[in-house]
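For the numbers below, each heavy atom of this structure counts, side chains included, while hydrogens, waters and symmetry mates do not. It should be emphasised that the depicted structure is a prediction, and the values quoted were computed from it without experimental measurement. Letters A, B, ... are given to chains in the order of the sequence lines, protein chains preceding strands, and every chain is numbered from 1.
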Amino acid sequence: MSVVTRFAPSPTGYLHIGGARTALFNWLYARHHRGRYLLRIEDTDRARSTEAAIAAIFDGLSWLGLLGDEPAVFQSSAQARHAEVVEQMLAAGHAYRCYSTPDELAAMRAEAIAAKRTRLYDGRWRERDPAEAPAGVAPAIRLKAPLAGETVIADLVQGEVKIANSQLDDMVLLRADGTPTYMLSVVVDDHDMGVTHVIRGDDHLVNAARQTQIYQALGWTVPAFAHIPLIHGPDGAKLSKRHGALGVDAYRTMGFLPEALVNYLLRLGWSHGDDEVISRAQAVEWFDLAAVGKGAARFDLARLTHLNAQYLRQRPAAELALLIEPWLAAQGITLDAAGRARLVQAMPGLKPRAATLVELAEGASLYVAARPLTLSAKASALLDGAARARLAALVPALQAVTEWTEAELEACMRHEAERQGVKLGQLAQPLRAALTGRDASPGIFEVMAVLGPEESLGRLQDVLSQANAAAQQSG
RNA sequence: GUCCCCAUCGUCUAGCGGUCAGGACAUCACCCUUUCAAGGUGAAGACACGGGUUCGAUCCCCGUUGGGGACGCCA
C-alpha cells in the first residue's frame with residue numbers, strides 16, 4: 001500500500017511555525033516512502049476563514065517548498081458528502097438526534113464544573129424517544145459511542161495509547177444547522193482522500209481516539225497515527241504572540257533562508273545521530289517517525305541563526321546579491337549593474353560576517369553607499385589629527401599602485417607603514433574608517449580591491465578635504 | 001475536577017543494561033589577526049526525586065514532583 005499523508009491547516013491568519021514543522025514531517029514521510037503528500041484547507045468554519053489567510057498559508061508553504069503534490073482540497077466543498085455519511089450512521093443506529101440546546105448544554109457543563117464532576121455530555125438523548133422532542137428545536141446528530149471498554153491508538157510516535165471509553169462522550173457529528181463538525185469532517189475527508197498516515201500535533205492525541213470511534217462506526221480502516229510534540233517558546237510555555245515571531249513569514253522578513261528554517265525545524269524533535277546540517281535530499285533518505293522525540297522542544301533563535309549562517313555560506317554570491325536587494329532598497333539604496341557586480345565581488349568577504357540576510361545587507365551597504373559617506377561615531381573617533389596626517393601621507397603611495405589588487409595594495413600599505421614608522425593597524429584602521437565609514441568591515445585590502453581605485457581614492461579624499469574644510473573654518 | 005502525553009548539560013539532542021554519558025548552539029579562555037567576523041584549540045556544563053527488578057541501571061517497572069495537552073453544535 002502506497003503512503004498518503006496530508007497537511008490540513010485551518011486558515012486562521014498565517015502559517016504557524018508549528019504547522020510548518022507538521023507539514024515538513026508529512027512531506028518527508030511521503031517522500032521517503034515514495035508516496036503522495038496532500039494539502040487540505042480546513043475551512044469548515046467559514047466565518048473565520050478568509051481569502052487572505054488561505055493565501056498566507058500557501059505563500060508560507062511555497063516559500064518552504066512544501067506545497068502539496070496535488071491541488072489543495074477545500075473541506076467546505078465536501079459538506080454534502082459529510083451529511084450523507086451521517087445519514088448512513090443514523091440509519092445504521094450508530095448515531096442519534098440530540099435535542100439539547102446549546103444553552104442547556106452550557107448549563108449542564110457549568111453544573112458539572114461546580115460539582116467537580118466530569119464535563120462530558122451525559123447522553124440524555126441517547127435512548128430517549130424522538131417523540132419527546134421539543135417542538136421547534138432542530139437536532140444535532142451525535143455519535144452513539146461505545147459506553148464500556150477502551151479505545152486504543154497505535155501511535156507511531158507516542159506508542160500504544162489507551163483511553164477508557166467512559167472518558168469519551170457522544171460527540172456531535174452534524175450541527176443543528178446541518179453543517180459537519182471538525183471531528184466528522186476529518187475522518188470522512190481522510191478516508192475519501194485515501195490518507196494512510198495522519199501526522200499532526202500532539203494536541204490531537206485524544207482526538208485520535210474520538211476519530212477512531214467514528215472510523216469503527218463506519219466500518220472503515222483506521223489510518224496510522226503519529227502525534228508529534230508541540231513546539232514551545234524559549235521559556236517553556238506554549239508558543240504565543242509574546243514570543244515574537246509566530247508566522248513563517250516573520251522569519252522570512254528577519255532574513256532567514258527557507259532551507260535553514262527547514263533544517264532547524266527538522267532537527268527540532270527529530271535526529272539522526274550527531275548530524276546537524278542536513279540537506280533536503282539527505283533528510284528524505286533518512287527521515288523516519290521512529291526517530292521523532294516524544295518531548296516538546298523549545299524554540300531557540302540562536303540555533304536557527306547559526307544554522308542560517310551555515311546555509312548563507314553555501315549560497316552562490318550572485319544569488320545572495322539578489323536576495324539582499326529588498327533590504328538595501330529599504331535603506332534607500334537602489335542598485336545599478338555596476339553596484340550589483342560590486343556586491344557579487346564583495347560577497348566572499350561579506351558572507352562569514354553575516355548570519356542573516358538582514359546582516360548581510362547591512363554589511364553590503366558599505367560597498368554601494370553614495371559619496372560622501374556618513375561616518376559612524378566610532379569611525380570619526382578613529383580619524384583624529386594624527387591619523388589624518390598618516391592617511392594624507394599614504395595617498396601618493398596609493399596613487400602610485402599600478403595593479404589595484406589585494407596583494408599589491410597590501411604590499412603598498414605594509415611598505416608605507418614601515419616608511420612612516422607605524423604599525424599596520426595605525427594605518428589600516430583610519431583607512432577603514434575613511435573608506436567604509438565604520439570601525440569594522442571585511443579586510444581593508446579586499447575592500448579597496450572591490451571598490452576600485454577611483455572610488456577608494458575618492459572616499460579617502462572626501463574625508464581628507466572635509467578635515468581641511470573643518471580646519472579652515474575653525475582657524 | 002477527569003483523562004492523556006512528556007522528563008539527559010542553559011537550549012536542541014545521541015544513548016536503546018556494563019560508555020571517561022557523545023555531538024551541536026549558546027557561554028568562557030587561548031591561537032590566528034589591519035578591525036569585526038569566520039576558522040582552530042581547549043574549558044565549564046546534564047541523566048528531576050524516591051522505591052523496586054537485576055551481578056549491574058540514564059536505559060525496564062511503580063510512585064512523587066515538575067512541564068505540556070485535551071475535556072465546544074472551534075479546528
If I pick the P atom on B:G22 and the same atom on B:A43, what distance separates them, to the nearest angstrom? 11 Å
Base, sugar-phosphate or nothing for A:K162? Non-hydrogen atoms, less than 4.0 Å. sugar-phosphate
Given that A:P139 and A:A164 both sit by RNA chain B, which one's nearest nucleotide is further toward the 5' end? A:A164
What interatomic distance, in whole Å, is found between C1' of B:G68 and the corresponding atom of B:G51? 26 Å
Using OP1 and OP2 only, check whether a side-chain N or O of A:K294 sits under 4.0 Å from B:C5. no
Can you tell me how the ring of A:Y215 sits relative to the ring of A:F225, calling it parallel under 30°, perpendicular over 60° and tilted otherwise? perpendicular
Tell me: CG of A:L382 to P of B:C36, nearest whole Å? 11 Å
OP1 or OP2 of B:C73 versus the side-chain N and O atoms of A:R109: is any pair under 4.0 Å? yes
Side-chain atoms of A:A140 come closest, of B:G10, B:U34, B:C73, to B:C73
Flag, side chain of A:N308 to backbone of A:L261, donor-acceptor distance under 3.5 Å: no
As a quick check of understanding, evaluate ring pair (Phe, Tyr, Trp, His ring centres under 6.0 Å) for A:Y251 and A:Y264, giving each step before the final call. CA-CA 12 Å; A:Y251 293 93; A:Y264 176 71; 8.6 Å; no
Spacing of CG belonging to A:L431 relative to CG belonging to A:L382, to within rounding of 0.5 Å: 11.0 Å
How would you label the contact of A:S166 with the nucleic acid (heavy atoms, under 4.0 Å): base, sugar-phosphate, or nothing? nothing
Given B:G68, B:G23, B:A75, the nucleotide with the shortest approach to the side chain of A:E42: B:A75
What is the distance, rounded to the nearest whole Å, between atom CG of A:D170 and atom P of B:G72? 13 Å
Phosphate oxygens OP1/OP2 of B:C3: is one of them under 4.0 Å from a side-chain N or O of A:R119? no
Residue matched to B:C60 through Watson-Crick or wobble contacts both under 3.5 angstrom: B:G52
Using modelled atom types and a 3.5 Å cut-off, is there a donor and acceptor pairing between side-chain atoms of A:Q426 and backbone atoms of A:K423? yes
Give a yes or no on whether the backbone of A:E127 and the side-chain of A:K144 come within a donor-acceptor separation of less than 3.5 Å. no
Could you please spell out the steps behind the side-chain hydrogen bond (donor to acceptor under 3.5 Å, both in side chains) verdict for A:D177 and A:T179? CA-CA 6 Å; A:D177 66 2; A:T179 59; 2.7 Å; yes
Determine which nucleotide pairs with B:U2, using a 3.5 Å limit on both distances of a Watson-Crick or G-U wobble pair. B:A70
Out of B:C12, B:A75, B:G69, which has the shortest distance to the side chain of A:L230? B:G69
Partner of B:C47 under the Watson-Crick or G-U wobble criteria, both distances under 3.5 Å, comes out as none
Nucleotide B:G10, atom C1' - distance to CG of A:D235 in whole Å: 14 Å
State whether the side chain of A:R267 and the backbone N or O of A:D275 hold a donor-acceptor pair below 3.5 Å, judged by distance alone. yes
Kindly point out which of B:G69, B:C73, B:C25 is positioned nearest to the side chain of A:A302? B:C25
Please determine whether a side-chain nitrogen or oxygen atom of A:R210 lies at a distance below 4.0 Å from atom OP1 or OP2 of B:G72. no
Regarding A:G269, tell me which of base, sugar-phosphate or nothing describes its non-hydrogen contacts under 4.0 Å with the strands shown. sugar-phosphate
Watson-Crick/G-U partner (both atom distances under 3.5 Å) of B:A26: none
Mind checking A:R414 for me? I need base, sugar-phosphate or nothing, with any heavy atom below 4.0 Å counting as a touch. sugar-phosphate
Could you tell me the separation between the CG atom of A:L435 and the CG atom of A:L373, rounded to the nearest 0.5 Å? 8.5 Å
Let me know the distance between CG of A:D275 and P of B:A14, rounded to the nearest Å. 12 Å
Between A:A297 and A:L174, which has a closest nucleotide on RNA chain B that is more 5'? A:A297
Under-4.0 Å side-chain N/O to phosphate OP1/OP2 contact, A:S271 with B:A14: yes
Just verifying a value: how many Å separate A:F445 CZ and A:C412 SG, rounded to the nearest 0.5 Å? 9.0 Å
Determine yes or no for a side-chain-to-main-chain donor-acceptor pair under 3.5 angstrom, with A:R119 supplying the side chain and A:I113 the backbone. no
Base-pairing mate for B:A21 - Watson-Crick or G-U, with both contacts under 3.5 Å: none
Point-to-point distance, once rounded to the nearest 0.5 Å, from NE2 of A:H94 to CD of A:Q213: 12.0 Å
What integer number of Å spans the P atoms of B:U2 and B:C61? 25 Å
Mind checking A:P229 for me? I need base, sugar-phosphate or nothing, with any heavy atom below 4.0 Å counting as a touch. nothing
Euclidean distance for C1', B:A44 against B:C25 (whole angstrom): 15 Å
Starting from the C-alpha separation in whole Å, work towards a yes-or-no answer on side chain to side chain contact (heavy atoms under 4.5 Å, CB included) for A:V463 and A:R388. CA-CA 9 Å; A:V463 168; A:R388 283 170 191 276; 3.5 Å; yes
Hey, does the side-chain of A:R432 have a donor or acceptor N/O within less than 3.5 Å of a partner on the base of B:U34? yes
Any donor-acceptor pair under 3.5 Å joining the side chain of A:D202 to the base of B:G69? no
Can you pull every protein N or O that's under 3.5 Å from an N or O on nucleotides 37-40 of chain B?
unit_1: B:A37; atom_1: O2'; unit_2: A:P352; atom_2: O; d: 2.6
unit_1: B:A38; atom_1: O4'; unit_2: A:P352; atom_2: O; d: 3.3
unit_1: B:A38; atom_1: O3'; unit_2: A:R313; atom_2: NH1; d: 3.2
unit_1: B:A38; atom_1: O3'; unit_2: A:R313; atom_2: NH2; d: 3.3

Any strand: nucleotide that pairs with B:U34 via Watson-Crick or wobble, under 3.5 Å: none
Classify A:Q158 by what it touches in the nucleic acid, base, sugar-phosphate, or nothing, heavy-atom distance under 4.0 Å. sugar-phosphate
Interatomic distance at P, B:G10 relative to B:A46, whole Å: 7 Å
Nearest-Å distance once atom P is located in both B:C32 and B:G45: 28 Å
Base, sugar-phosphate or nothing for A:L120? Non-hydrogen atoms, less than 4.0 Å. sugar-phosphate
Extract from the structure each pairing of a protein N or O with an N or O of nucleotides 60-63 of chain B at less than 3.5 Å, listing the distance.
none

What is the nucleic acid contact for A:N207, judged by heavy atoms within less than 4.0 Å: base, sugar-phosphate only, or nothing? base
I'd like to know if A:R126 and A:D170 make a salt bridge, using a cut-off of under 4.0 Å between side-chain N and carboxylate O. yes
When we call it a touch if two heavy atoms are under 4.0 Å apart, what does A:R142 touch: a base, just sugar-phosphate, or nothing? sugar-phosphate
Under 4.0 Å between any heavy atoms, over every strand shown, what does A:A176 touch: base, sugar-phosphate, or nothing? Just pick one. base
Heavy atoms only, 4.0 Å cut-off, all strands: where does A:H204 land among base, sugar-phosphate and nothing? base
Provide the distance between the two P atoms, one in B:G42 and one in B:G18, to the nearest whole Å. 28 Å
Which is true for A:Y264 with a 4.0 Å heavy-atom rule: it touches a base, it touches only sugar-phosphate, or it touches nothing? nothing
B:A70 to B:C12 separation - C1' atoms, rounded to the nearest Å: 27 Å
